[in-house]
Colleague: 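Have a look at this one.
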Amino acid sequence: MLKKADFFSDVYDVVRLIPKGRVTSYGAIAAYLGSKQSSRMVGWAMNASHKMSDVPSHRVVNRIGILTGKNHFGNAMEMQELLEKEGIVIQEDKILNFKHFFWDPSQDLKIP
DNA sequence: TGCTTGACGATCA
DNA sequence: GTGATCGCCAAGC
C-alpha cells in the first residue's frame, strides 16, 4: 500500500534538512534520490511544496545558483531576502560564491 | 487518450 | 564561452 515512495515527500524531507545558511540544487536532490536525470521532477515537487510551509524551497536553486523559482514564490524579493538573512549574498537573482554555500544532501546524509 | 508544459541538467555545435 | 537541443518523468488540459 505505501509501497509508492512519493517522490515529493522525499524532496521535502531533503529540503527540510538543508542547514541554515546553505543551499542546494535540484540536481543534487534528484541525485540523492537516485533520479539525477529527473531534476525536473524535483522542481515539479517544489511547485507543490507551496502547500508545505515547512519546506524552505527558497534554499533550493538551480545548478548555478540562480533563483529560478523566485517567480513562483509570489513575492520574488522574499526568496532573496530569506537567503540574505541566512548570510547568503545574492546579486541579480544569483547566489555569489554558490560553491561555498552549496550543500549536498548525499554529502551530509551519507546514503547508507 | 494524447499532446504540451515545466522551480533542470548535460551535451553538442 | 555562449547558444541551442535533447532527455527525463509527471501533471494539466
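Bear in mind that the values here come from a model prediction, so they are computed numbers and not experimental data. Hydrogens, waters and symmetry mates play no part in the numbers below; they use all other heavy atoms, side chains included. Letters A, B, ... are given to chains in the order of the sequence lines, protein chains preceding strands, and every chain is numbered from 1.
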Colleague: C:dC9 C1' sits how many Å from A:M41 CE, rounded?
Modeller: 4 Å
Colleague: May I have the distance from A:D10 (atom CG) to C:dC9 (atom C1'), rounded to whole angstrom?
Modeller: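 For the pair A:D10 CG and C:dC9 C1', the rounded distance is 15 Å.
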Colleague: For residues 46-53 of chain A, tabulate all N or O donor-acceptor pairs below 3.5 Å that involve a side-chain atom, not counting sequence neighbours.
Modeller:
residue	atom	partner	partner atom	Å
A:S49	OG	A:M46	O	2.4
A:H50	NE2	A:H72	O	2.8

Colleague: Starting from C1' on C:dG1, measure out to CD1 on A:I64 and report it in whole angstrom.
Modeller: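 Rounded to the whole Å, the gap is 14 Å.
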Colleague: What nucleic acid atoms does A:N62 come within less than 4.0 Å of, heavy atoms only: base, sugar-phosphate, or nothing?
Modeller: sugar-phosphate
Colleague: Let me know the distance between CZ of A:F98 and C1' of B:dC8, rounded to the nearest Å.
Modeller: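 Atom-to-atom, A:F98 to B:dC8, this comes out as 12 Å.
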Colleague: Counting just side-chain N and O atoms, does A:S38 come under 4.0 Å of either OP1 or OP2 of C:dA10?
Modeller: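 So the side chain of A:S38 is outside the cut-off, no N or O lying under 4.0 Å from OP1 or OP2 of C:dA10.
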Colleague: Without decimals, in angstroms, what is the distance between A:K94 NZ and B:dA7 P?
Modeller: 20 Å
Colleague: When we call it a touch if two heavy atoms are under 4.0 Å apart, what does A:H50 touch: a base, just sugar-phosphate, or nothing?
Modeller: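 Base contact.
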Colleague: With a 4.5 Å heavy-atom cut-off, do A:R59 and A:E86 have their side chains touching?
Modeller: yes
Colleague: What about A:R40, does its side chain sit under 3.5 Å from the base of C:dG7 through a donor-acceptor pair?
Modeller: yes
Colleague: Does some side-chain heavy atom of A:S25 sit less than 4.5 Å from a side-chain heavy atom of A:N62?
Modeller: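 Result no, sub-4.5 Å side-chain heavy-atom pair not found.
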Colleague: When you measure from the side-chain N and O atoms of A:R63 to the phosphate of B:dA10, is any distance below 4.0 Å, counting only OP1 and OP2?
Modeller: yes
Colleague: Under a 4.5 Å cut-off applied to non-hydrogen side-chain atoms, are A:D10 and A:Y32 in contact?
Modeller: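 In short, these two side chains do not touch, never coming nearer than 4.5 Å.
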Colleague: Expressed in angstrom and rounded to an integer, what is the separation of A:W44 atom CH2 from B:dA7 atom C1'?
Modeller: 10 Å
Colleague: Measure the distance from CG on A:L33 to P on C:dC8 and round it to the nearest whole Å.
Modeller: 18 Å
Colleague: What is the separation between atom CG on A:N71 and atom P on B:dC8, rounded to the nearest whole Å?
Modeller: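 My rounded result for the distance is 10 Å.
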